[in-house]
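Lettering of chains follows the sequences in order, A, B, ..., and the numbering in each one begins at 1.
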Amino acid sequence: MQFSELGLGPEVLQAISEVGYTTPTPIQEKAIPWVLQGRDVLGCAQTGTGKTASFTLPMIEILAQGRARARMPRSLILEPTRELAAQVADNFEIYGKYHKLNMALLIGGESFGDQVKKLERGVDVLIATPGRMIDLFERGNILLSDIKILVIDEADRMLDMGFIPDIERIVGLLPKLRQTLFFSATMPPEIRRLADQFLMNPREITVAPPASPAATVTQALAVAYDEDKRKVLRHLLQTEDVKNAFIFCNRKKDVGILHQSLSRHGFNAGALHGDMVQSKRTETLEAFKQGSIDLLVCSDVAARGIDIKGVSHVFNFDVPFNAEDYVHRIGRTGRAGLTGRAFTIAAPEDGRLVQAIEKLIGREIPRVLIDGLETPELEFEESGRGRRRPRRKDEGRKEEGRKSEPRSARPPRSRAADRTEAGDSAAATPVPEERAARPERSERSVRARPERTDRPVQDRPERPVREDRPREDRRSRFADRGEDRRRRRDEDDDRTPVIGFGDDVPAFILRAARPVRPAALPDSDAEG
DNA sequence: AAAAAAC
């Protein structure tokens with residue numbers, strides 16, 4: 001199946017081919033013809049399935065006819081986060097290149113002035129987060145009586161975030177006669193109810209079973225004491241072949257702390273969470289996209305839907321509270337048929353969270369050991385208040401020997417991280433029992449390569465940078481990787497289908513950034 | 001337990 005068979009016009013097809021795509025993803029193949037016919041669509045699809053283009057492409061086609069009047073937008077797309085809204089706007093820019101569509105991005109944290117000015121001029125496409133949208137409506141800057149197409153994206157997340165009342169209110173302001181496209185990764189009863197309420201005789205499209213991570217993502221779990229977590233992370237960053245990575249924390253505060261820590265250790269990292277000013281959020285995300293930042297330390301604001309091509313790794317510095325968020329987080333890698341690796345660092349008290357995740361994804365996450373670090377057991381009992389936090393056995397002893405420094409000079413977390421000397425040059429190895437029980441699995445598990453294990457980072461041979469290779473060379477390199485992937489899949493006996501392009505990957509995705517390396521190797525493990 | 005979103 002080719003894009004040219006879906007009923008899209010030559011201008012859109014031209015824009016698509018310039019980006020390098022030839023083959024639609026399953027959801028695009030199924031949804032685009034229906035949307036072009038003016039039908040409602042209920043799409044059950046995770047991000048990373050090509051969902052965004054499945055509505056932007058036909059919308060560009062439909063909106064090409066007619067013209068918007070002042071303050072009367074012709075279509076409305078609702079997104080749960082500002083970053084996702086901006087990403088959809090980018091999509092319209094890219095594929096609407098040969099159409100003159102006016103677009104307005106209505107998100108919080110940016111000045112009203114520009115957004116209002118755009119509305120005055122008349123927009124074809126309105127892309128908004130609910131809060132700012134309602135605000136502008138109440139100020140009288142938007143008339144919704146001309147909306148012909150409504151898109152509700154990430155409905156289940158809107159539910160999680162408490163946006164449903166806002167959504168119901170906005171939809172109540174729209175004309176009853178309209179086309180509605182409704183997307184959600186999962187279909188809990190509450191979402192189903194909304195879909196029934198908003199859609200008329202929709203075509204239902206399901207492309208990936210919810211809560212199943214893509215087969216292209218290799219997962220692993222390291223258990224470590226809380227105070228060792230940063231050391232484990234640094235160790236993984238240095239032993240893994242990390243090109244770039246999302247690093248998720250559960251709390252905004254910890255995003256800041258970890259970002260500082262990694263920066264002090266010479267890693268090229270940025271931070272992203274919802275309390276940062278919007279301009280900084282946009283700037284950081286762009287820098288990560290462009291590759292001028294290798295590591296993005298972030299909260300769950302970036303867990304869902306953020307689509308950055310060719311991210312090699314995801315690290316869960318904290319085990320997510322919500323098991324579904326785990327699936328979303330690790331879905332930032334292994335996209336578009338490329339492989340990715342996802343490591344989760346769990347503290348002993350995270351046992352129940354890990355259990356919930358493993359239950360959701362229906363399998364155990366393979367464990368890895370970090371050489372030179374004591375690996376505690378996960379705990380599964382109720383975590384009562386006042387219960388003693390699990391501690392390393394050697395903690396007291398190391399405490400005496402550690403370099404003296406005024407206690408008040410540092411936050412408690414960073415002091416704790418100083419206490420172990422071993423670790424930075426050690427390697428992650430699989431749990432022995434796992435190897436003994438299933439030898440064929442251990443071969444492809446997330447163990448660091450042997451030649452990398454006990455040499456310091458700067459002694460390792462430089463990895464070839466793919467950018468410098470001639471085109472043909474790159475292609476053959478990828479073909480090899482494809483074969484490798486198939487072999488590994490066979491060994492895995494993993495029957496989950498691969499979502500994406502298979503081996504037919506557009507050239508631009510193969511463009512790789514330089515490998516991530518600490519700018520300077522820390523000479524001690526000190527935080528300073 | 002947290003995060004997200006309007007000023």
Query - Between A:Asp156 and A:Thr186, a side-chain donor and acceptor under 3.5 Å - result: yes
In whole angstroms, the gap separating P of B:dA1 from CG of A:Asn250 amounts to 13 Å
inquiry  = Does B:dA4 have its OP1 or OP2 closer than 4.0 Å to a side-chain nitrogen or oxygen of A:Lys252?
reply    = yes
From CD1 of A:Ile306 across to C1' of B:dA4 the rounded distance in Å is 12 Å
note: A:Arg169, atom CZ; B:dA6, atom C1'; distance rounded to Å ~ 12 Å
Taken to the nearest whole Å, CG/A:Asp318 to P/B:dA2 is 11 Å
Margin query: Considering every strand and a 4.0 Å limit on heavy-atom distances, what is the contact class for A:Gly109: base, sugar-phosphate, or nothing?
Written below: sugar-phosphate
For A:Thr180 and A:Arg178, test the side chains for any donor-to-acceptor distance below 3.5 angstrom and give the result as yes or no. yes
Per side chain to side chain contact (heavy atoms under 4.5 Å, CB included), A:Glu83 is matched among A:Thr282, A:Leu272, A:Asp307 by A:Leu272
Between CG of A:Leu272 and P of B:dA2 the distance, given in whole Å, is 19 Å
note: A:Phe163, atom CZ; B:dA3, atom P; distance rounded to Å ~ 15 Å
*Flag this pair as yes if the NZ/CZ of A:Arg329 is under 6.0 angstrom from the six-membered ring centre of A:Phe246 and inside a 45 degree cone about the axis; otherwise no.*
no
The nucleotide from B:dA6, B:dA2, B:dA4 with an atom nearest the side chain of A:Glu138 is B:dA6
A:Arg251 vs B:dA4: side-chain N/O to OP1/OP2 distance below 4.0 Å | no
Regarding A:Arg304, tell me which of base, sugar-phosphate or nothing describes its non-hydrogen contacts under 4.0 Å with the strands shown.
nothing
Between CG of A:Asp300 and P of B:dA2 the distance, given in whole Å, is 12 Å
Atom CG of A:Asn141 and atom P of B:dA6 are separated, to the nearest Å, by 15 Å
**OP:** Using a heavy-atom cut-off of under 4.0 Å over every strand shown, decide if A:Arg82 touches base, sugar-phosphate, or nothing.
**Re:** sugar-phosphate
### Message
So, OP1 or OP2 of B:dA4: does either fall under 4.0 Å of a side-chain N or O from A:Thr129?
### Response
no
A:Val255 backbone acceptor or donor facing A:His259 side chain under 3.5 Å:
no
